[in-house]
Amino acid sequence: MRNFFSIIGGMGTEATESYIHLLNERTDAHYDQEYLNYILVNHATIPDRTDYILDHSKPNPLTDLVEDIKQQNLLKPDFYTLPCNTAHYFYDELQSVANAPILHMPKEAVKSIKNTFPKCKNVGLIATQGTIHDHIYDHEINSMGYNLISPTEHIQAETMELIYKWVKEKNKVNTKLYHHILDEMINDLKSDVVILGCTELSVAQERASDHKFNVVDAQSVLVDRTIEMAKNKKEL
């Protein structure tokens, strides 16, 4: 197969399925051959990223991620996507062993704000505790001249409940809780826009988008950049 990319997924599987669904849905295809060529690695048994980031005595996901990249290198994809925000903690190490570019989801998400919300000054972030703890998004947000609005401990606890107890464990979205979190970030903390910095939150947005809050869905942005890059590679 030529003109293809590799997806390092499975973190979690429902979130990866959401990414694939959007990818196929947004591809301008009218017959089978117009869809994108890609290989999906749904490595569901990769250790939890947040567990390791918060406690380095826990199993390290990097070992499995590096193995996945090296295996895919043999197939020579044009580029890689990593539809897991927290896994970008390991981005530099993964890019160093990859034989092709890895799209950087947090960077692309923050870059998209300028066009979507040009008057934005204060950027809120909701994500896993691992992403918040190790400031995966902070540099990108600050380097673009925005003020970072971090969740309070209360909002962070609610966010972790939504991610782990609802989407991951039950494959359900607590719509009331999701909308409440957005309301707190926008109205209580005065965020102009809220980045959904976890693919489980992207699942929540996909299933409970009936709200009027300004959000940037990092996974949705990644989908658009994936399609754009795949088309550019195909035209070369």
Side-chain angles (χ1 to χ4, degrees), residues 11 15 18-19 21-23 25-27 49 79-89 91-92 95 101-152 155-156 158-159 162-163 167 173 178-232:
M11 302 172 282
S18 173
Y19 168 76
H21 172 73
L22 289 175
L23 187 70
E25 185 177 63
R26 293 183 187 175
T27 299
R49 283 63 60 200
F79 64 95
Y80 290 92
T81 67
L82 187 64
C84 172
N85 288 273
T86 313
H88 283 72
Y89 173 77
Y91 180 86
D92 291 340
Q95 185 61 81
I102 303 174
L103 279 174
H104 195 294
M105 180 156 53
K107 186 185 296 291
E108 296 297 337
V110 176
K111 283 169 57 178
S112 75
I113 296 174
K114 184 177 180 180
N115 293 328
T116 310
F117 301 101
K119 296 182 180 180
C120 175
K121 294 181 179 180
N122 300 316
V123 176
L125 174 66
I126 53 175
T128 64
Q129 188 64 41
T131 296
I132 298 295
H133 178 78
D134 268 288
H135 314 296
I136 296 167
Y137 269 90
D138 297 21
H139 172 73
E140 307 300 336
I141 292 172
N142 292 328
S143 67
M144 292 294 292
Y146 300 118
N147 299 317
L148 170 63
I149 306 298
S150 298
T152 63
I155 296 174
Q156 186 58 41
E158 292 177 327
T159 303
L162 178 62
I163 292 169
V167 180
V173 173
Y178 173 52
H179 291 176
H180 175 64
I181 292 168
L182 294 178
D183 179 68
E184 291 177 306
M185 291 297 296
I186 296 287
N187 293 317
D188 294 349
L189 300 188
K190 307 303 179 185
S191 303
D192 296 317
V193 63
V194 177
I195 292 178
L196 308 181
C198 173
T199 47
E200 274 72 30
L201 295 175
S202 301
V203 173
Q205 174 63 14
E206 182 180 9
R207 299 181 188 177
S209 61
D210 54 333
H211 62 77
K212 297 182 180 180
F213 301 110
N214 293 338
V215 300
V216 169
D217 180 356
Q219 177 172 267
S220 179
V221 173
L222 180 65
V223 167
D224 291 340
R225 295 297 176 270
T226 301
I227 295 171
E228 179 183 317
M229 194 163 183
K231 288 184 175 180
N232 289 340

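Index from 1, following the sequence.
- Closest heavy-atom contact between Ile136 and Gly130: CD1-O, 4.5 Å.
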Q: Report the C-alpha distance between His211 and Asp183 in whole Å, list the side-chain angles of each, state the deciding distance to 0.1 Å, and finish with yes or no for side chain to side chain contact (heavy atoms under 4.5 Å, CB included).
A: CA-CA 10 Å; His211 62 77; Asp183 179 68; over 6 Å; no
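- Across every non-hydrogen atom of Ala15 and Glu200, the tightest pair is CB-OE2, 3.6 Å.
- Counting only distance, with no hydrogens or angles, the side chain of Gln156 and the backbone of Ala127 share a donor-acceptor pair below 3.5 Å.
- For the residue pair Asn85 / Tyr137, a side-chain donor-acceptor distance below 3.5 Å is found, with atom types taken as modelled.
- For the side chain to side chain contact (heavy atoms under 4.5 Å, CB included) with Met229, the lone residue among Asp224, Thr81, Leu103 that qualifies is Leu103.
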Q | Worked verdict on Val193 versus Tyr146 for side chain to side chain contact (heavy atoms under 4.5 Å, CB included) | A | CA-CA 11 Å; Val193 63; Tyr146 300 118; over 6 Å; no
Q: In sequence, state the C-alpha distance, the side-chain angles, and the governing distance for His104 and Glu108, and then conclude on side chain to side chain donor-acceptor pair (under 3.5 Å).
A: CA-CA 6 Å; His104 195 294; Glu108 296 297 337; over 6 Å; no
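- Residues Gln95 and Tyr80 have side chains that never bring a donor and an acceptor to within less than 3.5 angstrom of each other.
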(Q) Apply side chain to side chain donor-acceptor pair (under 3.5 Å) to residues Arg207 and Ser18 and explain how you reach the verdict. (A) CA-CA 10 Å; Arg207 299 181 188 177; Ser18 173; over 6 Å; no
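- Residues meeting the side-chain contact (heavy atoms from CB on, under 4.5 Å) test with Thr128, sequence neighbours left out: Thr50, Thr86, Thr131, Met160, Ile163, Cys198.
- Side-chain polar atoms of Arg225 and Ser112 form no donor-acceptor pair below 3.5 angstrom.
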